2 protein chains.
Amino acid sequence: MNNSYHHGDLKNALIRAGIEILSKDGVQALTLRQVAKKAGVSHAAPYAHFADKQALIAAIAAEGYRQLYEKLAAAQESRVDALARLMAVAQAYAQFAIDEPDHFKITFSGVVEAEKDYPDYVEQSKRCFALVMVVVTDCQSGGILEPGDPELATVSVWASIHGFVQLMLANQIPGALLAQYSMPELLSFHLNPFLRTNTQP
Amino acid sequence: MNNSYHHGDLKNALIRAGIEILSKDGVQALTLRQVAKKAGVSHAAPYAHFADKQALIAAIAAEGYRQLYEKLAAAQESRVDALARLMAVAQAYAQFAIDEPDHFKITFSGVVEAEKDYPDYVEQSKRCFALVMVVVTDCQSGGILEPGDPELATVSVWASIHGFVQLMLANQIPGALLAQYSMPELLSFHLNPFLRTNTQP
DNA sequence: ACCTGAACACCGTTCAAGT
DNA sequence: ACCTGAACACCGTTCAAGT
């Protein structure tokens with residue numbers, strides 16, 4: 001099944017190889033030639049499936065969003081009330097970033113640089129946003145979050161979680177805080193100002 | 001003043017050249033060889049001042065933090081009450097990211113990757129954090145922000161602004177919102193949940 | 001349609017040598 | 001101490017050629 005021609009799905013094999021390199025050796029090791037090598041093809045083979053390196057990165061970023069969506073969906077499925085779902089989503093978001101920092105970073109590195117558009121990436125991005133928006137509007141309905149423009153509220157909550165995670169990956173959160181509190185505690189404190197029932201430390 | 005030896009400050013000239021490349025051509029154009037060329041020296045000359053490319057990037061990131069600090073300091077100096085200072089800082093933070101997206105991104109790209117430490121970068125980072133913390137604690141004293149652990153509160157506010165800016169640079173904020181509201185409006189809505197006097201849209 | 005191998009311009013890094 | 005020029009291994013991309 002793999003003589004001169006590949007198993008028929010080189011495109012996805014390249015994406016998987018890229019993600020594995022990201023996970024094991026980091027973003028500086030993500031080269032087209034290494035990806036091709038890991039997939040068992042010549043260094044020029046990827047060009048049959050991707051226009052250039054940026055296109056492969058866009059595909060890897062879209063897959064990052066897809067995996068993130070799965071984690072968020074799984075995290076909230078097990079909870080019933082809206083607040084627990086919001087916290088579970090926040091925790092799953094942070095956990096994905098901690099588990100796969102380089103894949104997470106590349107997903108939010110701004111691949112969609114104005115001119116070129118990558119439809120799959122955009123679709124996955126919107127799908128993820130929609131999931132968070134459902135949780136946020138449920139919280140608004142339940143009186144847990146302030147009422148108001150749901151899109152605006154979603155951006156606020158999402159950006160808040162995202163910023164915390166980004167700063168953490170960039171080693172910009174004071175070590176004293178990380179030593180003193182657990183991740184769920186930190187996220188809880190962090191989202192507390194948004195809640196209508198405050199119990200700030 | 002520039003025969004065989006350089007003007008005596010090649011190190012800073014390289015940093016400035018790097019920032020200029022970042023500003024004009026973006027992060028993918030930031031190569032040691034181009035930086036050297038722009039500074040008017042051979043491609044091996046930078047190694048007399050930086051151990052490797054990562055060390056130059058760390059210096060550029062530290063300078064990014066320094067410039068960010070200046071913008072934030074200037075923004076709040078002109079305001080008297082604490083809330084106006086908080087908003088001015090948030091606005092200046094976003095403006096720096098919009099004006100110099102690639103320099104901003106590289107400043108928060110996680111140069112301090114565990115093992116190696118870059119003292120100047122760490123110092124500038126802490127200096128910036130301290131500035132935000134003063135504004136935040138002043139807001140707490142004035143009853144504008146909820147009371148509580150000042151370091152925790154600073155992280156919350158900072159992460160919230162940072163996340164919004166990062167998502168904007170990654171084109172992840174819905175275009176409808178960007179079209180409908182101005183940047184100060186968006187930042188105001190975004191920080192509203194933290195304030196004790198809410199006027200959510 | 002899908003892949004290979006050679007080729008080209010470019011990059012990070014090292015090192016002997018020059019002042 | 002500070003810089004140059006040649007050298008090496010590697011990278012992204014292109015292209016003629018093979019099945």
Side-chain angles (χ1 to χ4, degrees), chain A residues 1-22 24-61 102 106 109-113 115-116 118, chain B residues 1-22 24-61 102 106 109-113 115-116 118:
Chain A
M1 61 148 100
N2 53 2
N3 246 342
S4 61
Y5 275 19
H6 204 269
H7 41 62
D9 197 14
L10 179 55
K11 184 168 183 174
N12 281 304
L14 291 167
I15 295 171
R16 280 198 305 275
I19 291 171
E20 203 180 326
I21 289 172
L22 234 29
K24 293 207 303 187
D25 304 303
V27 70
Q28 86 290 344
L30 185 72
T31 71
L32 270 182
R33 291 174 104 108
Q34 284 301 316
V35 168
K37 193 176 191 179
K38 175 153 273 178
V41 290
S42 80
H43 62 261
Y47 287 90
H49 301 275
F50 299 100
D52 49 24
K53 190 184 179 183
Q54 211 199 353
L56 172 63
I57 289 178
I60 289 174
D102 288 81
I106 225 170
S109 65
V111 244
V112 194
E113 300 263 350
E115 53 222 303
K116 293 185 186 178
Y118 299 98
Chain B
M1 61 145 99
N2 53 1
N3 247 343
S4 60
Y5 274 19
H6 206 268
H7 40 62
D9 198 14
L10 178 55
K11 184 167 184 175
N12 280 305
L14 290 168
I15 295 171
R16 280 198 303 275
I19 291 171
E20 203 180 327
I21 289 172
L22 236 27
K24 293 209 302 191
D25 304 302
V27 69
Q28 88 289 347
L30 184 72
T31 71
L32 269 182
R33 291 173 103 108
Q34 284 301 316
V35 167
K37 194 177 190 178
K38 176 153 272 180
V41 290
S42 81
H43 63 261
Y47 287 90
H49 301 275
F50 298 101
D52 49 25
K53 189 183 180 184
Q54 209 199 354
L56 173 64
I57 290 177
I60 289 174
D102 288 80
I106 226 171
S109 64
V111 242
V112 194
E113 301 263 349
E115 52 221 305
K116 293 184 186 179
Y118 298 98

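Quick note: numbers below take in every heavy atom, side chains included, and nothing from hydrogens, waters or symmetry partners. Source: prediction; values computed, not measured. Convention: sequence-line order gives letters A, B, ...; per-chain numbering from 1.
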Inset, instruction - Rounded off to whole Å, could you give me the CD-to-C1' distance for the A:Q28 and C:dC11 pair? - result: 15 Å
Inset, instruction - Nearest 0.5 Å please: distance from the OG atom of A:S109 over to the CG atom of A:D102. - result: 11.0 Å
Inset, instruction - Round to the nearest Å and state the distance from B:F50 atom CZ to D:dA1 atom P. - result: 18 Å
Inset, instruction - Rounded to the nearest angstrom, tell me the gap between atom NZ in A:K37 and atom C1' in C:dT4. - result: 16 Å
Inset, instruction - Give the stems involving DNA chain C, where a stem is 3 or more consecutive Watson-Crick or G-U wobble pairs (i with j, i+1 with j-1, and so on) under 3.5 Å. - result: C:4-8 with D:12-16, C:12-16 with D:4-8
Legend entry - Test side chain to side chain contact (heavy atoms under 4.5 Å, CB included) applied to A:A48 - qualifying residues, sequence neighbours left out: none
Can you give the donor-acceptor pairs under 3.5 Å from side chains of residues 24-34 of chain A to other protein atoms, not counting sequence neighbours?
| unit_1 | atom_1 | unit_2 | atom_2 | d |
| --- | --- | --- | --- | --- |
| A:Q28 | NE2 | A:D25 | O | 2.9 |
| A:T31 | OG1 | A:Q34 | N | 3.0 |

Legend entry - Heavy-atom side-chain proximity of B:Y118 to B:I57 below 4.5 angstrom: no
Legend entry - Spacing of A:N12 atom CG relative to C:dC2 atom P, expressed in whole Å: 13 Å
What's touching nucleotides 12-15 of chain C from the protein side, N or O pairs under 3.5 Å?
| unit_1 | atom_1 | unit_2 | atom_2 | d |
| --- | --- | --- | --- | --- |
| C:dG12 | OP1 | B:L32 | N | 3.0 |
| C:dG12 | OP1 | B:K53 | NZ | 3.3 |
| C:dG12 | OP2 | B:L32 | N | 3.0 |
| C:dG12 | OP2 | B:R33 | N | 3.2 |
| C:dG12 | N7 | B:R33 | NH1 | 2.6 |
| C:dG12 | O6 | B:R33 | NH1 | 2.8 |
| C:dT13 | OP2 | B:Y47 | OH | 2.9 |
| C:dT13 | OP2 | B:K53 | N | 3.0 |
| C:dT13 | O5' | B:Y47 | OH | 3.1 |
| C:dT13 | O4 | B:R33 | NH1 | 3.4 |

Inset, instruction - Can you sort out the partners of B:H49 under side chain to side chain contact (heavy atoms under 4.5 Å, CB included), two or more places apart, ordered by chain and number? - result: B:L10, B:K11
Inset, instruction - Using the salt bridge (Lys or Arg N to Asp or Glu O under 4.0 Å) rule, collect all pairs that involve residues 38-53 of chain B, keeping only residues at least two apart or in two chains. - result: B:E20-B:K38, B:D52-B:K116
Legend entry - Contact summary for A:S42 and A:A36, nearest pair of heavy atoms: O-CB, 3.5 Å
Inset, instruction - To the nearest 0.5 angstrom, please state how far the CG atom of B:L14 sits from the CG atom of B:L56. - result: 6.5 Å
Inset, instruction - Mind calculating the distance between CG (A:D9) and P (C:dC3) to the nearest angstrom? - result: 10 Å
